[in-house]
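Notes follow once the structure below has been shown.
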Amino acid sequence: MKRTPLYEAHLRHGGRMVEFAGYALPLQYTSILEEHLSVRREAGLFDVSHMGEFLIRGPGALAFLQWATVNDASKLRVGRAQYSMLPNARGGVVDDIYLYRLAEEEYLMVVNAANIAKDFAHLKELARGFAVELTDVSEETALLALQGPKAASLLQGLTDADLSQRKKNDVFAARVAGRPARLARTGYTGEDGFELFLAPGDAEEVFEALLAAGAKPAGLGARDTLRLEAGFPLYGHELTDATNPLCTPWAWVVKREKEYYGKEAMLATPCADKLIGLVLEVGIPREGYGVYSGDRAVGRVTSGGYSPLLERGIALAYVEKEAEGPFVVEVRGRKVGASLSPLPFVPLK
């Protein structure tokens, strides 16, 4: 099992370590509920160094990214970031990604940890014929995520950058606790916050400085409940190689006016299912639980859990396109009423 540069720090702070995507990472330090609420109300700090990072450079970088991703990379100015997806030949999703434009001909792509090898092989294959250089810098990059309403004020005391001038999706170089870093006003919790790209050797010092300034360490458990409340997809759950993104709430990412790999197949694939949000009357839904309309099975839960803000079980589920409520979810053999909820389940900041 791989270790991030913060492995010893996690143990020192009482992290309960588990395996995730081949890495030893903290599930929690105190409790998932406490860490979740610390992010919603103050500032939580995550080690997300397991994520993958690729550098994409060269005069053909933009043309390549226009072909390899579904969002419009030409709209991405230097110093800005955008959410996107890598399509496959069948119109499905290889992975969902975040793309950062660092310079005129230089981009940073952040991918899911479990997909690093798959994504890099896919991109190398697509890069043939483009004047572009691809480099996997995942092992040379540590990544922290500071999230919550107090993230900016807390970080401001440790950096030379004027954070009041930085908007959502900005990316810029700065120093944090005296160490060089690349900061991005992005995140995966639905809160304001920053992601900090660091050299592995600097990660522990910056991590400790942020904790000393008041951030609370948070683990994988809170990361998942926060993203579920925010209604964000998780690859392998709401998005897969077989998912047509046009059939999801994230269809806005796909820009039909440009050409991209797999476009013809994607446009030709009909939507048999739709993704819905559900709030349960009682119980905690989990992945794979059946969703019913009356007595008829119409779908399944893809992500489920307890919402600390709503104090109810919530779920994302794919159901038949024509299915109408009222819906029930089978929780441990018992059918529980569930009401439709717009996404996100809680307001995004």
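Here the structure is a predicted model, which means the values were calculated and not measured.
- Between Tyr292 and Phe327, the gap from one ring centroid to the other reaches at least 6.0 Å.
- Across all their heavy atoms, Leu196 and Val206 have their closest contact at CD2-CG1, 4.0 Å.
- By the 30° and 60° cut-offs, the orientation of the rings of Phe197 relative to Tyr100 is perpendicular.
- Taking the side chain as every heavy atom from C-beta outward, Asp162 and Gln156 approach each other to under 4.5 Å.
- At least one side-chain heavy atom of Asp192 sits less than 4.5 Å from a side-chain heavy atom of Arg185.
- Taking the centre and axis of the six-membered ring of Phe172, the NZ or CZ atom of Arg166 falls inside the cone set by 45° and 6.0 Å.
- Side chain of Thr186 to main chain of Asn169: no donor-acceptor pair is present (N/O by atom type, distance under 3.5 Å, no hydrogens or angles).
- No more than 12 heavy atoms of other residues, nucleotides or ligands shown are found within 6.0 angstrom of CZ on Arg41.
- Residues Asp202 and Arg179 are paired through a salt bridge, judged by an N-O separation under 4.0 Å between the basic side chain and the carboxylate.
- No cation-pi contact links Lys274 to Tyr318, judged by a cut-off of 6.0 Å to the six-membered ring centre and 45° from its axis.
- For the pair Arg12 and Glu204, the salt-bridge criterion is met [side-chain N within less than 4.0 Å of a carboxylate O].
- Note: Phe20 and His50 have perpendicular aromatic rings, judged against thresholds of 30 and 60 degrees for the angle between ring planes.
- Of the listed residues (Thr141, Thr135, Asp136), just one forms a side-chain hydrogen bond (donor to acceptor under 3.5 Å, both in side chains) with Ser138, and that residue is Asp136.
- Note: Glu257 CD to Asp72 CG = 6.0 Å, rounded to the nearest 0.5 Å.
- Checked against a 6.0 Å centroid threshold, the rings of His10 and Phe207 count as neighbours.
- Within 6.0 Å of the CD atom in Glu264, the count of heavy atoms belonging to other residues, nucleotides or ligands does not exceed 12.
- Side-chain contact check for Glu106 versus Arg57: some heavy-atom pair is nearer than 4.5 Å.
- The backbone N or O of Thr30 lies less than 3.5 Å from a partner atom in the side chain of Glu35, making a donor-acceptor pair.
- Between the side chain of Lys2 and the backbone N or O of Ala24 there is no donor-acceptor pair closer than 3.5 Å.
- Atom-to-atom distance recorded for Met109:CE and Leu86:CG is 5.0 Å, nearest 0.5 angstrom.
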